[in-house]
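See below for the structure under consideration.
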Amino acid sequence: MDSTNLNLGTDEWVAAHAERSAGTPGPLDRARAAWEAVPLLVRVLLPVVLLALVPLAGSSYLTRVGVNLGLFALLALGLNIVVGYAGLLDLGYVAFYGFGAYTFAMLSSDKFGLHLPTLVTVPLAVVLTAAFGFLLSLPSRRLLGDYLAIVTLFFGQIFVEFAISGDSITLPGRSQSSDLTGGSDGISGVDRFSLLGLRFESDAYYYYLLLALVLLLTLAIYRVDRSRVGRAWRALGQDALAAEAMTIPVNRLKILAFVVGAGIAGLSGAIFAAVQRGVFPSSFDLPLLILVYAAVILGGSGSLAGALLGAALMSLLPEALRQPAYGEWLFFVLLCLAAVAVVRRARPLLLVAVGTVVVGFVMNAVLLAAGVQGLPAADWTQGLLSRGMGRWLFVPVDRLHWGNAAFVLLVVLLAVASRIRPAVRIALLPVLLWLATFVWFVRLSPEPSLTRQLLIGALLVVLMIVRPEGLLGRKQVEVL
Amino acid sequence: MEQFAQQLVNGLTLGGVYALIALGYTLIYGVLQLLNFAHGEVYMVGAFLGYFVMTGLGGPAAPVVPVWLMIVLMFLVAMIGSGLLGVAVEQFAYRPLRNSARIAPLISALGVSLFLQNAVLLLFGSQVRSYDTPRYWPATGAPELAGVRISPVRILVVALALVLMLALVQLVNRSRFGRGMRAVAFDRDAALMMGIDVNKVVVLVFFVASALAGAAGVMVGLVFFNVYSYMGFLAGLKGFTAAVVGGIGSIPGAMLGGFLIGLVESFTTVYISSNFASVLSFLVLILVMLVKPRGLLGKAAIVKV
């Protein structure tokens, strides 16, 4: 058996007879097979070249989105080591990101009058964050799965609280309270990077730096994954007890995974502080943590390509939600995908589509006849479909109450739909699709950040039920 | 001394609330080995339900029913509503994952927590709502103890928390359901083979655990007034800390842990700094974990391979 075909973590019987459980290959599998047929060099270089062209488009907005994506990809890569490889549920991961950012900000701003060169501050931030990770890993290494999760989650929360209340700390030996973190205002006026005589004046510099870092790190992790340490991490992630019985130094490897993950998060944090030219406690709170987790898990925990794909999806989709016109398209695409995923056959799908259109017109007529005050279409839709949408969908003036009622009804109906026979479910689908569209336009699209959180929450639950291994992950087999 | 007594009362009130939340965590963990991150959200929904019962009955200024009846109704509705919510969460988010890898239900629980929090935010907005207890239940004629006036609300909260705990202990130790529960907690597969309806037990456990959280939500509303959609996260975290400190899976442990964390928090607020209340309870957690990784009253689990 050569090393590329090592089916680590897969039971021998399952590995040999995987086709028994595998159904017919779906479109996702076929796309994956086609993609894997392309030579590796092309597979790596093509996205890199494409991504390298982005700042040349001259849109500062696009470059900014790219920078955020790069930061997020670094975070996801680091978390993928901790959670995906070593199987440690570290819910305080974002605190390391914050720690790196705060370290960098303190060392290169007017806060303490320090303006150390970037070549000193960034490695220092990484090393300090890694050391911090080491410290946290010491009490954590004795904790089993769930305990670790709660201790780290608490720790992440403490970090945020400390950052907020760190503006009035009485250090021992001093009578006056001193300001360490700037409180909830954070630290602003952080220096830009300046490396090798280059001053990072615009986002494009950071963009290329991040692109290079993500590439380097991906290669490094790819190598590590196939090394002794990488194999040991995977063994640990599969079953710590069995790994220990196989003489793998479990504790040391847990600490190593923690430290490496923390270091990567610290690096990302330092760049984040420089890009944003400031740090604020609210940036390192729970929403970001859940977003990074969603990225790693959606992509496929333990898969390198999955982490990158997940990071791309999770940072670009919420960005699209913020623009109403894109958000509308995104919503319709998701809706169609959901319908296809439920129905899966052409003729019923057509019926559902027709049914949905009919339901829309009927509901429009009913609501009009009932004398409900409606809004003109131009007030709530800008997309290409806007002309037809006004006749099909009805948006009442009182968006709050109608929207809330429809939202509750939608959640209840979805719950019911998950419990009934497939044939009945398909019959119910047109109503659900219309109701979802109604809720979207009436209530959700004006609240992009809330919508994002709601969707991520629902996504995590549905993903765990439908496809816990994520998009590119490998199915885990629990052998008991 | 006066301050000490005052903080003792505060700590006991807070501790009662944390203990109720911790009991929910412990019950669910004991039966399913599942860390129910959404528990804090269930507690938040309970607090909201109590609030809506109060406003529905005429609001704090002019309740249409006697105050005692209103408070009983607040607790009843919140407990039943939260209980049903907990059962629904179990049905849709955890049951399909009963036999999957350990990490799956944890992630699913995080998702539920995020969803519930934002659903409440969407439906009821981000403004802080107030129970405004003093307006319908003024603290006149409150008994004094060591120079500290103890408001009747606090007495009610601590007493009710104790009553609920006692009822729970009776339920677990004496009833048929409790016996089934202990059997499932001990060994789910063996319990199944002995003819115990595991699903029914799990549903009941979720109902009881969530109802306790709902009661805790109303208690917090009555004592500290404010309810808002983010209140569940930190309280859930504290409750869980309490459960872990006491030894997760152990019912007396959850009570002990709850009161311990509550007292630590209220004394830190006064004697050290209000900013570090959470930090100190975290330190307690770390310390306990270092000395007794299974918690104060937890039993060491024997892993059978």
Side-chain angles (χ1 to χ4, degrees), chain A residues 83 87 89 91 139-140 142-147 149-151 153-155 157-158 161-162 164-166 168-170 241-242 245 286-287 289-290 293-294 297 301 400 403-404 407-408 411 415 418-419 443-444 447 450-465 468 476 478, chain B residues 25 29 33-35 37 88 91-94 96-97 99-119 121-126 233-234 237-238 240-241 243-244 248 273-279 281-283 285-287 289-290 293-295 301 303 305:
Chain A
V83 178
L89 201 60
L91 294 179
S140 305
R142 292 179 61 173
L143 307 176
L144 296 171
D146 302 343
Y147 287 85
I150 200 68
V151 169
L153 178 65
F154 212 136
F155 164 78
Q157 208 51 35
I158 297 298
E161 261 188 44
F162 188 80
I164 291 174
S165 56
S168 57
I169 289 177
T170 319
L241 193 66
L286 203 65
L289 176 79
I290 293 183
Y293 261 90
I297 285 159
S301 176
L400 185 71
N404 282 354
F407 175 75
V408 172
V411 172
S418 70
R419 281 301 149 95
R443 193 74 184 92
L444 293 181
E447 310 243 22
L450 244 171
T451 305
R452 186 178 77 176
Q453 310 270 5
L454 273 174
L455 287 181
I456 292 174
L459 171 85
L460 286 178
V461 177
V462 172
L463 195 68
M464 280 301 115
I465 293 170
Q476 291 232 354
E478 202 109 316
Chain B
Y25 276 115
Y29 192 93
Q33 282 76 48
L34 165 75
L35 220 172
F37 274 119
Q91 291 276 329
F92 291 102
Y94 303 145
L97 301 172
N99 292 318
S100 51
R102 297 277 286 147
I103 197 170
L106 271 175
I107 300 293
S108 178
L110 271 183
V112 171
S113 163
L114 194 67
F115 185 85
L116 284 179
Q117 195 182 88
N118 285 284
L121 197 58
L122 183 80
L123 295 179
F124 307 125
S126 60
F233 174 66
L234 207 57
L237 212 51
K238 297 275 173 56
F240 192 83
T241 311
V244 174
I248 193 146
S273 155
S274 65
N275 291 333
F276 293 107
S278 301
V279 181
S281 41
F282 177 64
L283 284 181
L285 174 68
I286 291 280
L287 256 163
M289 288 285 94
L290 281 178
R294 292 273 154 191
V303 184
V305 184

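Within every chain, numbering begins at 1; the chains are lettered A, B, ... in the order of the sequence lines, protein sequences first and strands thereafter.
- Of the atoms belonging to A:Gln157, it is side-chain heavy atoms, and not backbone ones, that fall under 4.5 Å from chain B.
- At a 4.5 Å heavy-atom cutoff, the contact between B:Leu285 and chain A is made by side-chain atoms alone.
- Contact annotation for B:Phe240: only side-chain heavy atoms (C-beta onward) come within less than 4.5 Å of a heavy atom of chain A.
- For chain A, the nearby parts of B:Leu237 are the backbone and the side chain; heavy atoms of each come within less than 4.5 Å.
- Side-chain contact between B:Leu34 and B:Tyr29 is absent, with no heavy atoms from C-beta onward closer than 4.5 Å.
- Residues meeting the ring-ring contact (aromatic ring centres under 6.0 Å, His included) test with A:Phe154, sequence neighbours left out: B:Phe282.
- Between B:Ser108 and A:Met464, the shortest heavy-atom distance links the atoms N-CG, 3.9 Å.
- At a 4.5 Å heavy-atom cutoff, A:Leu463 makes no contact with chain B through either its backbone or its side chain.
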Per-pair distances, 0.1 Å, donor-acceptor, side chain in residues 110-118 of chain B, under 3.5 Å, sequence neighbours excluded:
from     : atom 1 : to       : atom 2 : distance (Å)
B:Ser113 : OG     : B:Glu41  : OE1    : 2.8
B:Gln117 : NE2    : B:Glu41  : OE2    : 3.3
B:Asn118 : ND2    : B:Leu114 : O      : 2.8

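- For the atom pair CG of B:Leu121 and CD of A:Glu447, the computed distance is 7.5 Å after rounding to the nearest 0.5 Å.
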- Apply the test side-chain contact (heavy atoms from CB on, under 4.5 Å) to residues A:Tyr293 and A:Leu89: give CA-CA distance (whole Å), side-chain angles for both, the deciding distance (0.1 Å), then the verdict. CA-CA 10 Å; A:Tyr293 261 90; A:Leu89 201 60; 3.8 Å; yes

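- Heavy atoms of A:Ile164 lying under 4.5 Å from chain B are absent altogether.
- Proximity to chain B (any heavy atom under 4.5 Å) is shown, for A:Ile456, by both the backbone and the side chain.
- Contact check for A:Leu454 versus B:Leu122: side-chain heavy atoms found under the 4.5 Å cut-off.
- Residue B:Phe37 touches chain A through its side chain alone, counting heavy-atom pairs closer than 4.5 Å.
- The candidate from A:Ile297, A:Leu459, A:Leu153, A:Leu455 with the greatest count of non-hydrogen atom pairs under 4.5 Å with chain B is A:Leu153.
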